[in-house]
Amino acid sequence: FVWWYNGHPDYSSLKPDLRRSDTAVILGQGNVALDVARILLRPTTELASTDIARHALSALEESSIRKVYLVGRRGPVQAALTAKELREVLGIKNLHIRIKETDLSVTPADEEEMKNSRARKRIYELLSKAAAAAGTSEADPDQRELHFVFFRQPDRFLESDERRGHVSGVNLEKTVLESVESRKQIAVGTGEFEDISCSMVLKAIGYKSVPINDLPFDHKKGIVPNVRGRVVSQTSGGIPQTEPGLYVCGWLKRGPVGIIATNLYCAEETVASISEDIEEGACESAKAGSKGLLQLLEERNVKKVDFSEWENIDAKEKQMGSESNKPREKLVTWEDLLAEATN
Ligand code: NAP
């Protein structure tokens with residue numbers, strides 16, 4: 001769904017059905033869940049001046065979704081959101097925020113978590129403030145609604161009687177938090193269940209990288225083991241042995257966490273390791289480098305887009321965007337992208 005509204009060529013023809021009912025459920029309370037809620041709830045007149053893909057904007061203009069449930073298995077203190085992203089959603093025009101007052105009560109363990117993390121405390125305060133501002137009144141008929149549902153974990157999807165193979169709701173189990181190790185509280189099911197009716201369920205419960213052939217992989221953490229970006233091939237006597245000329249960055253290096261700026265710092269660290277190794281001559285005989293890569297791509301007949309070709313795509317998208325007051329209008333098929341690259 002995220003790839004669909006962002007114009008990824010493999011998903012631009014997804015055609016999610018946004019007209020079946022007025023309700024969507026999103027499982028997970030991280031920034032991806034929040035992004036998806038924002039796209040479903042923000043007025044399309046505002047989305048129109050962003051870089052959202054044209055096909056998604058058209059579908060959202062016709063959408064009947066008015067109510068979004070954001071479901072978390074833990075509480076407001078544990079929501080995996082960041083303040084800037086949350087503020088953006090809470091600031092959506094004409095949006096009614098719903099949070100049950102009982103979900104906002106905190107335990108001593110929650111207090112402890114907030115004492116140890118200013119970020120968690122900030123999120124809790126933002127949610128409490130939004131709940132207080134909305135009060136207990138019902139939404140006005142012209143308002144859209146965002147319900148933060150805490151202490152619920154998904155149990156199963158409910159199938160529609162009228163439309164086999166389509167979802168009509170989601171069954172949730174109530175949870176309580178249990179402390180497992182110092183500072184960590186996990187959700188435990190209580191055996192009590194409830195349903196939310198909806199015509200769409202989206203899951204946004206995080207990611208896990210997959211191993212690449214012949215590359216060392218830590219299956220538990222879902223990362224390629226590394227020291228400052230240098231891939232660790234084995235450990236000898238407790239000392240990590242790095243593979244000369246082999247590096248990793250991004251989520252494959254640290255796991256699926258962090259905002260864009262985190263990835264910038266992460267990449268800088270890996271690049272610094274590469275630079276140091278080049279200076280010390282440690283890379284020379286290790287790998288064939290970019291020349292080797294280009295040769296391999298040619299041998300395998302792989303179509304590549306180099307930087308200047310990417311700049312052609314970038315310029316075209318920006319030019320198309322300027323015609324409709326958007327930062328860019330994305331090209332959403334491989335044919336169009338490749339044609340523009342070599343134009
Ligand atoms: P995330 O931050 O890891 O959040 C995942 C959410 O799913 C959490 O609420 C988690 O709850 C829940 N969850 C995980 N497994 C579950 C299960 N089995 N059942 C029910 N709930 C489950 O993942 P994400 O939202 O995909 O984001 C990934 C990273 O990208 C994050 O670091 C995020 O900040 C970043 N990101 C940033 C931006 C931005 O900067 N604008 C936008 C999108 C994403 P628990 O905490 O209980 O596990």
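Atoms within each ligand, like the ligands themselves, are counted from 1 in listed order. Because the structure is predicted, anything quoted here is derived from the model rather than measured. For the single chain, residues carry numbers from 1 onward in sequence order. These numbers come from the heavy atoms of this one structure, side chains and all, not from hydrogens, waters or symmetry mates.
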Provide, line by line, the atom pairs where ligand 1 and the protein bring an N/O atom each to a distance under 3.5 Å; else say none.
from	atom 1	to	atom 2	distance (Å)
ligand 1	9 (O)	Q29	N	3.0
ligand 1	15 (N)	R73	NH2	3.3
ligand 1	25 (O)	N31	N	3.3
ligand 1	25 (O)	V32	N	3.0
ligand 1	32 (O)	G258	N	2.6
ligand 1	34 (O)	N31	ND2	2.9
ligand 1	41 (N)	E85	OE2	3.3
ligand 1	46 (O)	R74	NH2	2.9
ligand 1	47 (O)	R73	NE	2.9
ligand 1	47 (O)	R74	NE	2.8
ligand 1	48 (O)	R73	NH2	2.7

N-O pairing of E85 and R38 below 4.0 Å: no

query: Do Q241 and Q234 pass the side-chain hydrogen bond (donor to acceptor under 3.5 Å, both in side chains) test, and can you show the C-alpha distance, the side-chain angles, and the key distance before you say yes or no?
result: CA-CA 5 Å; Q241 306 291 309; Q234 54 182 314; over 6 Å; no

- request: Sorted by first residue and then second, give each ring-ring contact (aromatic ring centres under 6.0 Å, His included) pair with at least one member in residues 211-236; sequence neighbours left out.
  value: F217-H219

Pairing of D277 and R230 as salt bridge, 4.0 angstrom limit: yes

- request: With sequence neighbours excluded, tell me which residues meet side chain to side chain donor-acceptor pair (under 3.5 Å) with T270.
  value: K253

field: Counterpart residues, side chain to side chain donor-acceptor pair (under 3.5 Å), relative to H166 (two or more places apart)
entry: R163

